[in-house]
**Q** 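Below is a structure I'd like to ask you about.
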2 protein chains.
Amino acid sequence: MLKIGELAALASVSRDTLRFYEKHGLITPGERNDAGYRLYSETDVHRISFIMGAKEVGFTLNEIHQLLELEVTKDEKSCHDIKQFVDAKISIVNQRLAEIKRIKKSLQTLSSACCGGDEPATHCTILEALSEQTN
Amino acid sequence: MLKIGELAALASVSRDTLRFYEKHGLITPGERNDAGYRLYSETDVHRISFIMGAKEVGFTLNEIHQLLELEVTKDEKSCHDIKQFVDAKISIVNQRLAEIKRIKKSLQTLSSACCGGDEPATHCTILEALSEQTN
DNA sequence: ATAAACCCTGGAGTACAGTCTAAGGTCAAT
DNA sequence: ATTGACCTTAGACTGTACTCCAGGGTTTAT
Ligand SMILES: [Zn+2]
Ligand SMILES: [Zn+2]
Ligand SMILES: [Zn+2]
Ligand SMILES: [Zn+2]
């Protein structure tokens, strides 16, 4: 059984983060010692590990919440269900990707149209372009 | 001179947004009528137009604040300054792009390793992979 | 015995970009 | 005269993911 600081060190997160995750239902350490300190089991360690892994691949805490439910009830779920969840996330990520690519392209168009010279910017095509109506 | 609702309709934003931008120093309508209503000039319309254009290409309100200062003092600035600002933003965007691409790749790796079948997910490689230590 | 290091709680604060509400004042039309 | 559409303010709320603080209690080492 680990105390919060020990688990925090193990998982490279702050104690506050662990308490935050608990408050939001991501972990549920059942036991407390006589002083009221949280005690974390092997299962809790595994759960944190899962959470960190999911964060690493870009899931939000909300999504991780749903993933944890899949994980806990995995004998009632199928690979199909899990894969579908991941694929749904991929399509969200693809949307963000497309938006950022669009932005990058716009910025590059702006940048390359500007002479970049040392004369006053009163003629700057960037400033002009920005104030042009897009609708 | 336009009232706030008229400018809002023109710019396709809410009145609240215009007041929000004002509170954060992005616009500064000088005049008010006898009833205390904001009155917007041509210059203000141009400014909003600039802000919307900058938002469109992904600048944050904070960055737009800086851009507006460049715009207002453009006779003292050079194209070099403006271009540099845009290029700095491009490199921020590139970082976000790289991160999202990394996430997409990870998710695709996860997805393609899963059989996606209808059997119980107790053997699912996705769930396994997520709880693996990355550090 | 006492200091340092740890634990607890509730609540506030951060950045971002608004949105919404309450409680009022004004203006145009019916 | 009264309805409805518009305007004003200050301040609270949204979601995301924490981080920090105050004001306590506990454990460990010297
Ligand atoms: Zn130039
Ligand atoms: Zn230029
Ligand atoms: Zn499978
Ligand atoms: Zn699977």
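First the proteins, then the strands, lettered A, B, ... as listed; each starts at 1.
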**Q** With respect to the phosphate group of dC21(D), does any side-chain polar atom (N or O) of R19(A) fall under 4.0 Å of OP1 or OP2?
**A**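 No, R19(A) has no side-chain N/O under 4.0 Å of OP1/OP2 on dC21(D).
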**Q** Between D44(B) and S41(B), is the side chain to side chain donor-acceptor pair (under 3.5 Å) condition met? List the steps.
**A** CA-CA 5 Å; D44(B) 295 320; S41(B) 68; 3.3 Å; yes
**Q** Between dG25(D) atom P and K3(A) atom NZ, what is the distance in whole Å?
**A**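 From K3(A) NZ to dG25(D) P: 18 Å.
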**Q** Rounded to whole angstrom units, what separation is found between the CZ atom of R15(B) and the P atom of dA5(D)?
**A**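 After rounding, the gap between these two atoms is 11 Å.
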**Q** Under 4.0 Å between a side-chain N or O of R38(B) and OP1 or OP2 of dT8(D)?
**A**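 Yes, because at least one side-chain N or O of R38(B) sits under 4.0 Å from OP1 or OP2 of dT8(D).
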**Q** Closer than 3.5 angstrom, by distance alone: can the side chain of R47(A) be matched with the main-chain N or O of L26(A) as a donor-acceptor pair?
**A**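 Answer holds: yes.
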**Q** Whole Å only: how far is the CD1 atom of I4(B) from the P atom of dA5(D)?
**A**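 In whole Å, dA5(D) P and I4(B) CD1 are 18 Å from each other.
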**Q** Where along residues 25-37 of chain B does a heavy atom fall under 4.0 Å from DNA chain C?
**A**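 Under 4.0 Å from DNA chain C: A35(B), Y37(B).
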**Q** Indicate the atoms forming the closest heavy-atom contact of M1(A) with E6(A), along with that distance.
**A**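 Looks like O-OE1, 4.3 Å.
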**Q** How many Å lie between CD on E22(B) and C1' on dA10(D), as a whole number?
**A**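 Going from E22(B) (CD) to dA10(D) (C1'), I get 14 Å.
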**Q** Side chains of V57(A) and V86(A): does their closest heavy-atom pair fall under 4.5 Å?
**A**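 No - every pair of side-chain heavy atoms lies 4.5 Å or more apart.
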**Q** Protein within reach of the bases, or only the backbone? For nucleotides 14-20 of chain C, mark each nucleotide 5' to 3' as B, S or -, using heavy atoms under 4.0 Å.
**A** --SBBSB
**Q** Using the ring centroid of each side chain, check whether H46(B) and F50(B) are separated by less than 6.0 Å.
**A**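 When the ring centroids of H46(B) and F50(B) are compared, they turn out to be at least 6.0 Å apart.
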**Q** Starting from P on dC18(D), measure out to NE2 on H65(A) and report it in whole angstrom.
**A**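 Roughly 14 Å, once rounded to whole Å.
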**Q** Flag the pair E99(A) and R96(A) as a salt bridge only when some basic side-chain nitrogen lies within less than 4.0 angstrom of an acidic carboxylate oxygen.
**A**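 Salt bridge flag = no for R96(A) with E99(A).
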**Q** Within the side chain of S49(A), is there an N or O that forms a donor-acceptor pair under 3.5 Å with the backbone of S131(B)?
**A**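 A pair under 3.5 Å: yes.
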**Q** Please confirm whether the backbone N or O of L107(B) pairs with a side-chain atom of S111(B), one donor and one acceptor, at under 3.5 Å?
**A**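 Checked: no pair found.
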